[in-house]
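Notes follow the structure.
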There are 2 protein chains.
Amino acid sequence: MKFQKSKTLSLGRLATLSTIKENLRVKTSFQKSESPSAQVLDNSNGHSNGGDSDSILLFSAISGYKEKTPRYAPPPEHFSISETDSPRRPSSALSGSTDARASSFNGQHIAADETFSSSAEYRDYDGPVMLREPAVDGREADEDSNGEVGLQRGEIISTSRDFEEEEELWQFPPKVSGLGLDRRDLATDDKWVPRHPDLIRIKGFHPFNGEPPLSTLMHFGFLTPTSLHFVRNHGAVPQAGWESWTIEITGLMTKPKKFTMRDLLCFPSRRLPVTLMCSGNRSKELSKGGKSLGLKWGPGAVSTSVWGGARLCDVLQHCGVLMPKKRGVQYFVCCSGADKLAPSSSSYGTSIPLEVAMDESRDVLLAYEQNGDLLTPDHGFPVRLIVPGFTGGRSVKWLNKIEISAEQSDSYYHLHDNRMLPSQVQDLDTAISEGWMSRPEFVINEMNVNSVICTPAHSQTLTIDPSNEDAAYSITGYAYSGTGKKIGRVEVSLDGGKTWKFCSVGYPAQPTKHGMYWSWCFWETRVDVMELVESSEIVVRAWDSAMNTQPENSSWNLLGNMNNCWYRVKIHRDDPADDPDAGQDERTISFEHPTQPGMLNGGWLQTSQASEPESERELTLKLMHQESSSNLDLGDQLPSTPRLL
Amino acid sequence: MKFQKSKTLSLGRLATLSTIKENLRVKTSFQKSESPSAQVLDNSNGHSNGGDSDSILLFSAISGYKEKTPRYAPPPEHFSISETDSPRRPSSALSGSTDARASSFNGQHIAADETFSSSAEYRDYDGPVMLREPAVDGREADEDSNGEVGLQRGEIISTSRDFEEEEELWQFPPKVSGLGLDRRDLATDDKWVPRHPDLIRIKGFHPFNGEPPLSTLMHFGFLTPTSLHFVRNHGAVPQAGWESWTIEITGLMTKPKKFTMRDLLCFPSRRLPVTLMCSGNRSKELSKGGKSLGLKWGPGAVSTSVWGGARLCDVLQHCGVLMPKKRGVQYFVCCSGADKLAPSSSSYGTSIPLEVAMDESRDVLLAYEQNGDLLTPDHGFPVRLIVPGFTGGRSVKWLNKIEISAEQSDSYYHLHDNRMLPSQVQDLDTAISEGWMSRPEFVINEMNVNSVICTPAHSQTLTIDPSNEDAAYSITGYAYSGTGKKIGRVEVSLDGGKTWKFCSVGYPAQPTKHGMYWSWCFWETRVDVMELVESSEIVVRAWDSAMNTQPENSSWNLLGNMNNCWYRVKIHRDDPADDPDAGQDERTISFEHPTQPGMLNGGWLQTSQASEPESERELTLKLMHQESSSNLDLGDQLPSTPRLL
């Protein structure tokens with residue numbers, strides 16, 4: 001068998017498994033554990049279900065980073081949210097006390113302390129990377145390869161590009177307890193999918209869409225635990241197998257090919273922290289302005305993981321991808337997943353410009369790793385696209401087909417989702433019949449600049465007495481821009497935007513060598529307690545390095561996307577008469593965020609969610625699932641709330 | 001003599017002049033004129049003052065594009081501003097009539113019809129490219145070369161990069177009559193510099209800073225005639241010679257070198273349209289909010305030219321530039337010009353990140369050509385930097401030194417200009433003493449998203465009678481974002497931002513092959529005349545493709561930079577009693593922009609400019625020039641206004 005040498009990729013020599021592992025270790029700065037046998041026995045990550053020692057060793061090389069020196073310090077104290085795990089009166093005078101929402105946890109969760117691996121429901125989700133020696137004659141290697149002479153399994157692909165960039169030794173986020181099956185999923189096709197009960201379900205019916213409570217998200221800081229990462233599904237989670245999975249790569253290229261997961265592992269891996277944000281993050285704030293389609297997300301449809309995988313540009317180059325020859329002509333990378341969706345059992349599909357995929361500085365990945373583990377079912381196991389900076393909706397999960405085309409994706413979901421229509425388009429009929437929906441200028445790719453106040457939290461209260469009225473209070477939050485630009489500044493106003501306080505901003509991740517900021521940052525400013533007492537509102541706005549900032553008011557749009565108006569937390573002065581226990585010199589103020597996610601009540605922007613008719617698009621999705629989940633429209637349930645982790 | 005071969009540049013063979021010309025023609029799609037002799041005699045562009053026929057031929061190759069098929073159609077009719085060149089009543093019912101400001105032109109201009117070349121004041125500004133055969137033994141070629149074995153004059157440098165991108169045959173803007181010397185410059189060091197009288201002088205004293213009237217700018221559309229391009233000078237224009245000019249390139253590189261203009265011509269040329277905008281564009285709108293330093297620009301501190309020159313990345317690669325090895329470490333390209341400025345006779349200097357300079361997709365040029373001609377004195381003859389998307393302040397004029405450094409430029413002007421400080425920094429003393437001025441996050445590089453209404457023009461009136469009250473009126477303007485991102489949408493509101501009309505947007509230039517939009521675009525929306533009558537204000541806002549938009553209100557900042565709030569044109573209903581000639585059924589409305597540039601009166605935001613104290617920074621500049629221009633503080637002059645061109 002002969003290997004073809006593509007124009008820019010030089011195929012390496014046929015490697016043995018040990019070479020592969022060695023190479024993986026070197027290329028990604030993996031270090032073999034001091035006591036590999038301990039790691040072999042440690043299956044608490046849930047993926048290890050046995051296998052030969054070589055494959056386990058490799059797997060431990062992929063997942064065993066726990067010994068590394070932390071790159072990031074633990075979150076500062078003010079990010080530590082005590083409201084749920086310490087109902088006792090805080091000893092620090094200025095720690096907030098909150099309402100007792102934690103007690104409303106409704107106990108619907110079956111196995112809060114089960115680990116990910118102990119469920120018998122995993123079926124075809126078959127665990128660790130089972131890299132075996134390639135068949136000696138290479139025949140097995142090519143049986144899925146679409147008839148093209150292609151990649152030899154087990155071969156290391158090297159590219160002409162330098163990997164001079166120092167790989168950071170990322171300190172992954174902790175694994176949180178509580179993952180397990182959920183009663184709310186049992187009558188659905190997702191009944192086998194483990195989920196964390198703290199994810200707030202945006203709707204009472206399926207598909208599953210959830211975001212972590214803002215305080216939980218901030219508790220973990222820079223990197224979000226995988227099981228608490230927000231989830232945006234469009235249908236039931238596909239049941240996938242690592243060994244049997246293929247990605248067909250086809251279209252405008254000289255060597256189309258079907259890749260297995262083993263093939264992908266042969267490409268040099270790239271690992272970097274990336275913030276994913278849903279286009280609909282903060283969409284619930286828009287619903288007051290008028291009926292909008294789309295889910296009612298709070299400000300937690302954003303999370304950050306260290307994603308790892310092959311670079312899409314390397315894989316496409318290997319396939320001999322063709323670039324447009326004429327200026328102004330665009331090609332597209334059309335991706336689709338294995339989920340079967342309404343209408344007409346199509347897959348979720350979307351596209352990104354080819355120039356983005358091929359631009360090394362954009363770091364587009366075929367990711368098979370999240371926070372040092374293989375992907376989980378909700379996040380696209382075994383492989384998904386990761387497009388840094390773009391809306392999460394472009395990072396196709398359960399990816400099984402890539403087609404390079406001169407046209408955008410024609411998937412229903414590409415054409416009808418992740419768009420920001422002008423405000424004059426008031427309903428879906430108009431959007432479609434007048435052609436608004438298909439205009440390229442409304443496609444959401446890069447995310448705009450955004451920031452959110454995390455402390456004070458919603459419903460948090462603050463009691464001021466003579467002992468602390470000279471103290472300072474720390475206002476904190478996150479900020480993010482999807483353009484790869486640094487958040488240049490964050491400002492807080494206590495007078496509705498008349499004057500602004502300049503905040504200190506911490507950037508947990510360095511920019512990439514191309515100067516890109518692919519993840520969020522955290523800001524803080526300290527104010528005198530008495531300033532809060534005298535103010536009626538805390539407002540935040542961020543600026544990116546091009547001095548683009550957030551608009552004062554939201555721009556309603558039909559699909560409810562891209563809301564990045566100033567985030568406002570109202571301050572209420574509680575009437576002392578309401579609290580007979582309050583001391584004579586005590587004053588209490590409380591804080592109210594604009595909304596609470598999904599069906600949760602609360603927030604100064606709250607409108608009667610019950611009176612809002614179901615949107616058309618949601619009805620479509622609902623119809624699709626009504627048979628299996630008609631008894632699951634849990635509109636009256638009490639969703640889960642932040643819990644002690 | 002031996003040529004060194006750098007790592008990524010392969011030095012070509014020693015070329016004769018005819019080879020150079022042939023090569024230039026091929027590389028840049030130059031075509032020899034059908035009748036070269038006619039071009040030799042045509043010196044109306046003002047640069048040709050004789051020379052051997054070879055040099056003239058080459059010059060005609062550089063400047064003679066007039067025969068090319070226009071790439072862009074003439075501006076559409078609604079961009080054609082008739083107010084100044086046709087004072088007669090417009091035949092079209094809805095063309096605006098204006099006040100008679102044209103008649104206020106004060107006649108201070110000496111030689112409005114003199115051509116650029118006819119002035120005897122040019123001194124050392126020595127005309128066309130005088131490329132001669134290199135000295136046979138190469139000694140002359142190296143006499144300025146800093147002792148390094150370097151580039152052989154007349155040699156063609158080729159790079160390893162493909163120039164596959166189709167060069168556009170740009171249709172250059174027309175040359176407008178009127179260029180000449182100006183009485184206001186006669187007692188200054190700029191007395192030899194030809195200028196167009198229509199540029200509105202922002203201050204009555206030197207250095208020269210001028211912007212074209214908005215209506216003139218829009219009249220020419222996509223490409224601004226060179227003599228009407230806005231000018232931002234910090235001191236007197238250096239008197240430069242093409243032959244004697246050198247750029248010293250030094251710092252973190254293996255082969256520092258002094259380049260002559262001939263050397264630069266040896267690099268492949270790149271030519272593309274780039275919009276330059278001053279950080280202070282629209283700064284006069286900020287002065288109402290509080291005293292701000294900086295010039296009081298109107299919305300015309302923006303212009304677009306086709307710039308041509310060598311790519312900075314090629315030149316730096318040729319010098320063996322070193323890149324930082326560690327992530328998070330930045331190097332800078334520190335550039336300075338030949339202008340001698342206060343304080344302490346330093347030059348204007350600034351820096352850009354090295355990663356930007358070396359990023360092929362950013363198209364940073366060492367430009368020696370504007371709109372097909374050599375540069376003019378006011379725009380940096382013989383060579384300047386062009387950094388697409390960045391504030392004009394980074395595009396250093398009269399460039400004579402580049403140093404690659406691990407530090408930003410320490411030039412006074414880098415540290416004190418082109419920054420956007422937080423609004424809490426209220427005065428220069430605080431800015432400096434508290435270290436605000438030197439913080440890197442306030443450096444302005446890329447420009448934010450901006451848009452301006454051009455028609456209706458300031459002071460334009462519109463008479464509505466029964467014959468036209470059903471007609472439509474076309475509102476137009478420009479929009480720009482400096483991030484290379486496409487302007488995704490432009491919206492106009494007639495009700496103060498409650499509802500928005502989606503505008504059509506025209507993009508005269510295709511994106512580059514890297515998908516970059518380096519130049520402005522034009523937008524239009526048609527409204528019913530009666531909608532205007534019933535409205536009190538036209539508001540515009542633009543969005544870039546990442547859905548970043550303009551803020552509703554401006555953010556005052558000490559240096560008066562980066563104002564991109566919604567642009568608002570007020571609508572006034574004139575009292576019929578004021579016009580006894582008005583017909584019974586006629587109604588007249590008039591339009592008022594927020595400001596007029598510089599010292600011009602007018603605009604609904606107008607405050608008493610006279611009562612504003614001189615800013616400290618401007619005083620510095622003024623002091624520097626007071627000796628030569630003490631009789632030139634023409635605060636009470638009537639600046640020039642749009643004229644028939």
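This structure is a prediction, so every number in the text was calculated from the model and none was measured. Note: hydrogens, waters and symmetry copies are ignored here, and every other heavy atom, side chains too, is used. Note on naming: letters A, B, ... go to the chains in the order of the sequence lines (proteins, then strands), and numbering restarts at 1 for each one.
- For the set B:P422, B:S423, B:G488, B:G389, the count of heavy-atom pairs under 4.5 angstrom toward chain A peaks at B:P422.
- Taken to the nearest 0.5 Å, the OG1 atom of A:T549 stands 12.5 Å off from the CD atom of B:Q550.
- The interface of residues 435-443 of chain A with chain B, defined by heavy-atom distances below 4.5 Å, comprises A:W436, A:R439, A:E441, A:F442, A:V443.
- The closest side-chain heavy-atom distance from A:M547 to B:I444 is below 4.5 Å.
- Within the 4.5 angstrom heavy-atom criterion, atoms from both the backbone and the side chain of A:M420 approach chain B.
- Looking at A:D544, only its side chain comes within 4.5 Å of chain B, counting heavy atoms on both sides.
- Contact of B:L354 with chain A is not made at all, since no heavy-atom distance falls under 4.5 Å.
- Looking at B:E446 and A:K485, their side chains come closer than 4.5 Å, going by heavy atoms from C-beta outward.
- Only the side chain of B:N564 has a heavy atom closer than 4.5 Å to any heavy atom of chain A.
- Contact of the B:E552 side chain with the A:N553 side chain is registered, since non-hydrogen atoms from C-beta on lie closer than 4.5 Å.
- Considering CE of B:M358 and NE2 of A:H514, their distance stands at 12.5 Å, rounded to 0.5 Å.
- Note on residues 490-504 of chain B: pairs passing salt bridge (Lys or Arg N to Asp or Glu O under 4.0 Å), not counting sequence neighbours, are B:E491-B:R541, B:K501-B:E531.
- Annotation: side chain of B:S555 is in contact with side chain of A:W543 (closest heavy-atom distance under 4.5 Å).
- For the atom pair CG (B:N548) and CG (A:N450), the distance works out to 9.5 Å, reported to the nearest 0.5 Å.
- Closest heavy-atom contact between A:N448 and B:A546: CB-O, 3.1 Å.
- Ranking B:R489, B:Q424, B:E355, B:M447 against chain A, the residue ahead of the rest is B:R489, based on heavy-atom pairs under 4.5 Å.
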